[in-house]
Amino acid sequence: APASQFMGASQSVWRGMDEKSYYLSFGLLGKATEIPKGFEYETVFYAGRGVNDAVAGWGRQMRERYGKTDDFREADFSINYVGYWTDNGACYHYYPGDVNYEQTMMQVHEAAVQKEIPFRYLQLDSWWYFKGPHDGVKNWTAMPTVFPHGLPYVHNQTRWPMFAHNRWWSVDTDYAKQNGGEFDFVVEDRMALPVSQDFWDYLMGSSKRDWGLFVYEQDWLSTVFGGLKAIQENVTLGRTWLLQMGQAAQRHGITIQYCMSYPRHLMQALEIPVVTQSRVSRDYHAGSTQWDIGHQAVLAEALGIAPYKDVL
């Protein structure tokens, strides 16, 4: 497996022309257009007694190498307490009932208090923010049709901290300089990517201050990796993107959940202490393979990340 530069690394197993021999190849992304001067990449080989032993032993060695401890994971409020979720499969996923989401979430809070259900936070899925072309995020604030009085109002009324979902950024995102915003972005045909530490500090800081963000849920990681040419052509951009996100979250007392991640994302989290959990299942769909979580859970656990199963 890669031992460094996880977002710029590539590895595969392929069959030889005789259809009997197999080969392991490893190196950098095949679409990379240039390698920066002084760039270093490492690969590690680890053997164990069986798959579980090998993965667990490799994970321990990698955590020791990068100093990844369980401190943030063990202190993560969302891992230690029960919250109310609106993710795919939940009752109010893209369906608030006969009223708006603000009224529905207030009713949920009232019912929880009356019935003494110890919900300690609220998870907001992708239904709450503004979207642009190709369903990317135009502005990561609450739409007035969803929360007429604003998300700070709901936070102040319920006193619930917020576990909030995000996806890829839209080509017309309000934050990009190309669209009149204040921050540097790479903007391509179908999505955009922030390339500014200032942007992440603004997003995390204002969200924590104004409406109680305490876990940032970065979903669609595989879609971003596969959909942006810049990430596949620049061997350092993917790492920079995730490090900037993580550094801002850590500065503002926020932890991160990864969703739809590749192994490269989980390995990159070795350098990001506040990535405490990763979804290891598909979205909830009755009768689907969304309970098939074993192999991904083993990998996440080995890397010090709590495996998360989507809505039960």
Side-chain angles (χ1 to χ4, degrees), residues 73-131 135 137 139-167 203-204 206-220 249 252-260 276-288 290-291 293 306-312:
R73 172 177 169 174
E74 291 177 352
D76 191 315
F77 192 80
S78 70
I79 294 175
N80 287 286
Y81 296 98
V82 175
Y84 189 84
W85 281 68
T86 63
D87 200 355
N88 199 353
C91 180
Y92 298 117
H93 180 69
Y94 278 92
Y95 175 73
D98 297 328
V99 294
N100 60 49
Y101 264 108
E102 180 178 300
Q103 294 168 294
T104 299
M105 294 301 101
M106 297 296 288
Q107 290 169 4
V108 167
H109 178 263
E110 181 180 354
V113 172
Q114 291 177 351
K115 298 178 183 297
E116 298 183 347
I117 303 173
F119 294 136
R120 300 290 295 274
Y121 64 90
L122 174 63
Q123 187 266 354
L124 307 172
D125 206 60
S126 56
W127 44 262
W128 68 279
Y129 45 73
F130 292 90
K131 301 178 184 69
D135 275 341
V137 181
N139 195 296
W140 204 59
T141 55
M143 295 182 291
T145 54
V146 172
F147 293 121
H149 293 92
L151 194 47
Y153 172 81
V154 177
H155 169 59
N156 291 331
Q157 291 295 310
T158 63
R159 306 312 302 169
W160 278 342
M162 301 294 172
F163 188 129
H165 176 282
N166 203 1
R167 56 173 66 185
L203 191 77
M204 297 290 185
S206 60
S207 301
K208 175 69 175 283
R209 180 190 67 242
D210 295 343
W211 46 269
L213 176 68
F214 81 107
V215 179
Y216 176 81
E217 179 185 353
Q218 182 60 66
D219 199 357
W220 298 90
H252 295 285
I254 295 166
T255 56
I256 296 174
Q257 182 192 84
Y258 282 172
C259 289
M260 291 179 61
T276 58
Q277 53 191 295
S278 176
R279 200 183 78 193
V280 295
S281 70
R282 296 176 180 270
D283 276 20
Y284 178 89
H285 293 286
S288 73
Q290 47 92 22
W291 280 102
I293 64 175
Y308 164 70
K309 165 67 184 71
D310 203 19
V311 173
L312 299 178

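Numbering starts at 1 and runs along the sequence shown.
Taking OH of Tyr101 as the start and CG of Asp125 as the end, the distance is 8.5 Å to the nearest 0.5 Å.
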Given the rule in the side-chain contact (heavy atoms from CB on, under 4.5 Å) test, do Met162 and Leu124 qualify, once you have shown the distances and angles that lead to the verdict? CA-CA 7 Å; Met162 301 294 172; Leu124 307 172; 4.1 Å; yes
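The neighbour count for Tyr81 OH, taken as heavy atoms of other residues, nucleotides or ligands under 6.0 Å away, does not exceed 12.
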Show me the side-chain donor-acceptor pairs of residues 211-218 shorter than 3.5 Å, one per line, residues at least two apart or across chains.
from   : atom 1 : to     : atom 2 : distance (Å)
Tyr216 : OH     : Asn166 : ND2    : 2.9
Tyr216 : OH     : Gln218 : OE1    : 2.7
Glu217 : OE1    : Gln123 : NE2    : 3.2
Gln218 : NE2    : Arg167 : O      : 3.3

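Considering only residues two or more places apart in sequence or on other chains, Thr158 meets the side chain to side chain contact (heavy atoms under 4.5 Å, CB included) condition with Met106, His109, Val154, Trp160. Glu116 meets the side-chain hydrogen bond (donor to acceptor under 3.5 Å, both in side chains) test with no other residue; sequence neighbours excluded. Looking at residues two or more places apart in sequence or on another chain, you find a side chain to side chain contact (heavy atoms under 4.5 Å, CB included) between Arg209 and Ser206. Asp76 meets the side-chain hydrogen bond (donor to acceptor under 3.5 Å, both in side chains) test with Ser78, Thr255, Thr276, Gln277; sequence neighbours excluded. Qualifying side-chain hydrogen bond (donor to acceptor under 3.5 Å, both in side chains) partners for Glu110, counting only residues two or more places apart in sequence or in other chains: Gln114. Judged as a side-chain hydrogen bond (donor to acceptor under 3.5 Å, both in side chains), and not counting sequence neighbours, the contacts of Asn100 are Gln103.
For Tyr95 and Trp127, the ring centers sit 6.0 Å or farther from each other.
Pro161 has its side chain within reach of Phe77: a pair of non-hydrogen atoms, C-beta onward, lies under 4.5 Å apart. Residues Lys208 and Ile254 meet the side-chain proximity criterion, which asks for heavy atoms closer than 4.5 Å. By the 4.5 Å heavy-atom criterion applied to side chains, Trp140 and Leu203 are counted as neighbours.
With no hydrogens or angles considered, a side-chain donor-acceptor pair links Trp85 and Tyr121 at under 3.5 Å.
The stretch residues 147-156 participates, sequence neighbours left out, in these side chain to side chain donor-acceptor pair (under 3.5 Å) pairs: Glu102-His149, Asn156-Arg159.
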